[in-house]
Each structure stands twice: as structure tokens, then as C-alpha cells.
Protein chains: 2
Amino acid sequence: MTRMTAARSPYSPADRPRLGLRERKKIKTREAIRAATYALVKEQGYDATTIEQIAERAEVSPSTVFRYFPTKEDIVLTDEYDPLMLEELRARPEDEPWIDSVRHVMRKTLELSEREDPEVLRLRAHLGAQVPAIRSRYFESMTETGRLLRQALAERTGRDPDSLEVRVSAMALIGGMMEVSMYWAESGFEGSLRDLMEQALDVMKDGLGPGNP
Amino acid sequence: MTRMTAARSPYSPADRPRLGLRERKKIKTREAIRAATYALVKEQGYDATTIEQIAERAEVSPSTVFRYFPTKEDIVLTDEYDPLMLEELRARPEDEPWIDSVRHVMRKTLELSEREDPEVLRLRAHLGAQVPAIRSRYFESMTETGRLLRQALAERTGRDPDSLEVRVSAMALIGGMMEVSMYWAESGFEGSLRDLMEQALDVMKDGLGPGNP
DNA sequence: ATGTTTTTGATAGTTACTGTCATTTCATGG
DNA sequence: CCATGAAATGACAGTAACTATCAAAAACAT
């Protein structure tokens, strides 16, 4: 956040339109749609909430909702953490074991997410555990995150990012992370997600061999 | 298959209606729907194929299609291997490392599947790689398979099947297996899926640690 | 053959999503 | 401040996957 390169703008120092009215409105609309969705979902549940209701509460037309989000699931799940994670990942030392890099990146991302909006993280995990459609989309988006991982893993181990080994390792990790989120939601959000995630990483690091302790 | 407890039936030994006309028709309808779907998908692609077309070709009404399969994706993906896998898994020696048991079970299941219908396995992998909706459903069904795995893993390692460790291990493995299928499809079905799967299991067994070789 | 139960098909409805086009809203140069 | 171009919006019509309901048809039991 606050990553807008403020840099000397052509405007006088104090006042800063920075974003045109159009852009600001777009952001507001996006937020309005998301907020409306979160509220309605909390009130009625996900399935019972229709796009029409969301549009009404957000004071836009249904068309506009679809213009901002391709699917209903995306309204709940869309975020912008991937680029941040990538940045963070690149910042890690070259010789660090990749799984430790992942650990750091995840920790940072979760911290950030929890600081910005602790509700959302929980709602997502909860819906991911309950609603199949959401879980699916959730998995898809983690798969995309997994692609970033492949890149990093390949660089660290000097292997082809498209090799079976790299792909399987990355995806196994994604699967594990996914399950952590489910576990967290299903156990009523006891304990911190970060701690659970670190435990999970320990398990996977040591391998799924014999008595993987 | 052929697990129907044949036991002394009230019929004379030679002739065996065994399944009433009703049951036989149901099986035939089911197969007709599946066959129609596979054919149409091969001709036109998945998205372009509608339930109406499927119904028409299978010579049933759309209602009936939905009565047999809850979703379009299920027509493509539904199978009955899970119970077989469970059986197979229980047959493995108690003291075998669980991941080796998985290896054997997967090998057997893939052999069987390839013997019964080599086309289907490929079509599924292909669609899983191409069509998001199918991939999602695919993942869901593997997740269910993962639950069986949890049980077995727990028994072997004397841990709670609902513990984070067990759940993460099982799901990581599922993620890895999922990726194997994608890999296979994306590389044009080169090599045998079984070999790829075994490679993947080796990778995961050794752990996702430092330079997981 | 007849009464019962199961399966089917027809029909109507809901909802997520797509495509198109006219209208409105912002941006910009004079 | 206004005219002109560009972007965003809303209204509308359409598609397709599903759901629910109910009467007709098929299989079963006696």
C-alpha cells in the first residue's frame, strides 16, 4: 500500500489530484461492490446472495458488477497480493532454500493481509471451506500463485521451471497451503494462520516419506 | 466390479436376470449419456457442447441428463474408482510406508483405468488442463480421494486423521498428483502416466526441502 | 390383468453471465 | 466556459446450466 510513486508531480506540492476523478470513482465503485457483497454474504450466505442484490446495495447496475468482476466468486476472492509476493520473493537471498523463502514471503503476506483487513481473510477461508464454487476459484488462484513459485524454485535449484519435478514440488506445496486454510476455518479460526502455515511448511519440507514427523 | 453378492438367488442356476430390466436400462442410459458427451466434446469442444445436444444424441430428455448427473462436469469426470482404491489400500501391509502404499494403489488403479478405457483417461486429463470448470471439479474429486488417504495415513502413523500434519501431507500429495495429470496432458501424453506419477511420488517422498533432488 | 412404484418428459422458473447500443459522465483543448 | 472526444454506465435481450413440479409412461408385484 501507498506504493504510488509520489515523485515530483506537475501539481503544486500540497494539493494532489494525482488520480483523476474517473480513477477515484472506479476505485470507489470497486470497493462498494466488494463491501456490498461481504455484507450480504454475512447476512444471507453466499448462495442466497444474487448479483442483483449486490448491484442494488452497491448502487450500480448489474452490468457494472460484471464489468468489475468476471464472476461472483471473484468479488469475494480477488486481491492484489501476487505482485507483492513476487517482489518479496525476488528480494530473498539467492542461496536461501526456496522453502524458507516461501515461508518468509507467506509470513509477510499474511501479516499484511491481517493488518489491512482481518475480516476478509477469515471470510475467505470460511467460504472456501463451505462453498464448493468458492473453493474451486480459490484453488485456481493459488495455482496461479504456484506458477510464480515455479519460477523461483527453478532459479534456486537450477532446474527447468517446466520440469515435472519443479511443477510437482510447487503444486504439492500449494495443495498443502490450501489445506491449511481449510483446517483453520474448520477449527473455528483457532490459533494464527501464520503459525499453522509454518507448521505445514515444516511437514512438507521434511518430506512425505515414512513417518514424516 | 462384479461385486454384487451373487449368493444363492431364487432363480435357476443358468439363467440369471440378476439385474431387473429397470436396472439394466439405467446403466444403459448412463452409458448413453456419457458416450454422447464424449463424442460431442471431441467434435466441438466442451464449452460448445450443451446439455440439450447431449440429451438429443443420447435420446433422452434434458431432465433425465440432470437426473443422472448433477453437473455437466460430472458427466465427464464421474467414475467409481474410489471404492476400489480404498479396498486396494486396505489390502496393503500395515507396516508399509504409506507413500509406497499410495504408489501401489495408484499404479493398480491407473492400470485398470487404462485397460478399461484408455481414451477416457486422456480426455479427462486434457480437459482438466484446458477447461477451468473441469479442472475445478477434478480437484474436488481428488480432494475426496484425499480423505481416504488421510484415513490410511493416520492408521499407519498412529496420528489423528484430522490433525494438521496428516491433512497437509495428504493434500500436498493430491496437489502433486493433480499436477502430474496436467503435465501429462500438456506434454501431449508423452510417456506413461504411471511412470510420471511414480517420479512425482519420489520427489514428494524425499521432501520439498533444500535441493529436493 | 390390475394396482403400485419407479422413471421419465414437459414445462416453467431462477440465476449467472454475454453482447450490444444508446446515454451519461469525465477529460481536454480552445 | 464550452465543444469535442473518450470512457464508463445502464438498459435490454439473449444463452445455458441448473431446480422444482407434476402428469404420463414404463416396469414390477400379485
Over all strands shown, is [X] touching base, sugar-phosphate only, or nothing at heavy-atom distances under 4.0 angstrom?
X       : value
A:Phe69 : nothing
B:Pro70 : sugar-phosphate
B:Thr64 : sugar-phosphate

Next item on the list: By nearest nucleotide on DNA chain C, pick out whichever of A:Lys25 and A:Ile51 is the more 5' one.
Entry: A:Ile51
Margin query: Return whichever of B:Glu59 or A:Thr71 has its heavy-atom-nearest nucleotide of DNA chain C closer to the 5' end.
Written below: B:Glu59
Note to self: Which is more 5' along DNA chain D, the nucleotide nearest B:Leu21 or the one nearest B:Thr49? Just name the residue.
What the structure shows: B:Thr49
Margin query: What's the closest nucleotide to the side chain of B:Arg22 if the choices are C:dG9, D:dT9, D:dA26?
Written below: D:dA26
Checklist line | Nearest listed nucleotide, side chain of B:Thr50, among C:dC17, C:dA10, D:dA17 | finding: D:dA17
Please check the phosphate of [N] (OP1 and OP2 only) for any side-chain N or O of [X] closer than 4.0 Å.
X       : N      : result
B:Tyr68 : C:dT7  : no
A:Ser63 : D:dG10 : no
A:Lys72 : C:dC17 : no

Notebook entry, point to check: What is the distance, rounded to the nearest whole Å, between atom CD of B:Glu56 and atom P of C:dT8?
Noted result: 19 Å
Next item on the list: Please work out which of the three classes, parallel, tilted or perpendicular, describes the rings of B:Trp184 and B:Phe189, given edges at 30° and 60°.
Entry: perpendicular
